[in-house]
Amino acid sequence: MTTAINLWSGPRNVSTALMYSFAQRDDIRVVDEPLYGHYLDISGADHPGRKEVIAAMNCDGNAVIRELLDLQDANPDRRLFLKHMAHHLVGLGTDFLQKTSNVFLIRDPLEMLPSLTIQLPEATLADTSLAQQWDLFISLRELGQCPAILDSRELLLDPKGVLRQLCGQLDLDFDESMLNWKAGARPEDGVWAEHWYHVVHESTGFAPYKPKRGFPAHLERLLEECAPWYEKLYVHAIRSRAEERT
């Protein structure tokens, strides 16, 4: 049976680049954050473009999930790649995950938080998705799944090696086309792209990893909250094979 692929990411985790990567495949159809409208509507979160996102989307999260699963069943030759933020699951049941494949994308909060707080100056642990990702990961493991975890740093260090391992776990053949794409927007981009996607729209592939320098002192307390969740997830992450070749 063909299963849809859920990517459960946090913000500022190269998730859009990963979506663009999978969009290069002829056997994949990507969908950009289909639960974002639901999340904004039910949580009341004040995100950039909030009104436009809610107006543009179906904000009934349960209906969205049903429609996506039906779409996958009707098109078994083309798998859905659904890019989500893990915190968008608020207020929804998770039984549908037993019918899907699941991947987590994480990023060291030491590097993620300074970027996130540009758009969300009052960001909290919940905005990072890290705690939600861990809880969801454990729940899936208890159900007998072996969800993959990608780390943004490991992915950027060795895109080909990490993607090859991920494809193996998803029962997909690796496709070289996943390494490059045309600069600019994609038709699948959500209406929020103007607020969040500036860098990826300038890219034509995964950017080389560059460690961030310095960390804002005012984010130290939030970093202390986030770090333990990230570290637990990272233990299970696919590792880059770049060092093996040097």
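Salt bridge absent: Lys212 and Glu111 never bring a charged side-chain N and a carboxylate O closer than 4.0 Å. In summary, Arg153 and Asp151 do not engage in a salt bridge, as defined by a charged side-chain N under 4.0 Å from a carboxylate O.
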Review point. Is there a salt bridge (Lys or Arg N to Asp or Glu O under 4.0 Å) between Glu176 and Lys160 once you walk through the steps?
Key: CA-CA 8 Å; Glu176 292 277 350; Lys160 184 173 182 178; 2.8 Å; yes

Review point. Would Ile106 and Trp229 count as a side-chain contact (heavy atoms from CB on, under 4.5 Å) if you check the C-alpha gap in whole Å, the side-chain angles of each, and the deciding distance to 0.1 Å?
Key: CA-CA 10 Å; Ile106 61 174; Trp229 299 101; over 6 Å; no

Review point. Between Thr16 and Trp196, is a side chain to side chain donor-acceptor pair (under 3.5 Å) present by the stated rule, with each step listed?
Key: CA-CA 9 Å; Thr16 306; Trp196 300 90; over 6 Å; no

Point to revise | Derivation and outcome, side chain to side chain donor-acceptor pair (under 3.5 Å), residues Trp192 and Tyr197 | key: CA-CA 8 Å; Trp192 51 89; Tyr197 292 0; 2.9 Å; yes

Exercise for review: Evaluate the side chain to side chain donor-acceptor pair (under 3.5 Å) criterion for residues Ser115 and Arg12: first the C-alpha distance (whole Å), next the side-chain angles of each, then the deciding distance (0.1 Å), finally the verdict.
Suggested key: CA-CA 7 Å; Ser115 177; Arg12 320 316 291 161; 3.1 Å; yes

Point to revise | Worked check of side-chain contact (heavy atoms from CB on, under 4.5 Å) between Leu105 and Ser152 | key: CA-CA 7 Å; Leu105 178 63; Ser152 294; 3.9 Å; yes

Practice item. Apply side chain to side chain donor-acceptor pair (under 3.5 Å) to the pair Tyr39 and His84, showing each step before the final yes or no. Key: CA-CA 11 Å; Tyr39 167 74; His84 301 284; over 6 Å; no

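Linking ILVMFWY residues whenever their side-chain heavy atoms come closer than 4.5 Å, directly or via other members, places Leu97 and Leu166 in the same cluster.
A distance of 6.5 Å separates CE in Met85 from OG in Ser129, rounded to the nearest 0.5 Å. Between atom CG of residue Asp158 and atom CD1 of residue Ile238 there is a gap of 11.0 Å, rounded to the nearest 0.5 Å. For the atom pair Trp8 CH2 and Ser15 OG, the distance stands at 12.5 Å (nearest 0.5 Å).
Between Tyr36 and His88, the angle of the ring planes stays under 30°, which puts this pair in the parallel group of the 30/60° scheme. Using the six-membered ring where Trp is involved, Tyr20 and His201 have ring planes that are parallel, under 30° apart on the 30 and 60° scheme.
Shown here is Asp26, whose CG atom has no more than 12 heavy atoms of other residues, nucleotides or ligands within 6.0 Å. More than 12 heavy atoms of other residues, nucleotides or ligands shown are found within 6.0 angstrom of CD on Glu220.
Annotation: cation-pi pair Arg239/Tyr234 present, NZ/CZ under 6.0 Å from the ring centroid and within 45° of its normal.
The minimum heavy-atom distance linking Gly10 with Gln133 is given by the pair N-NE2, 3.6 Å. Pairing each heavy atom of Lys83 with each of Met19, the nearest pair is CD-SD, 3.9 Å.
A ring-centre distance under 6.0 Å is not found for Phe22 and Trp181.
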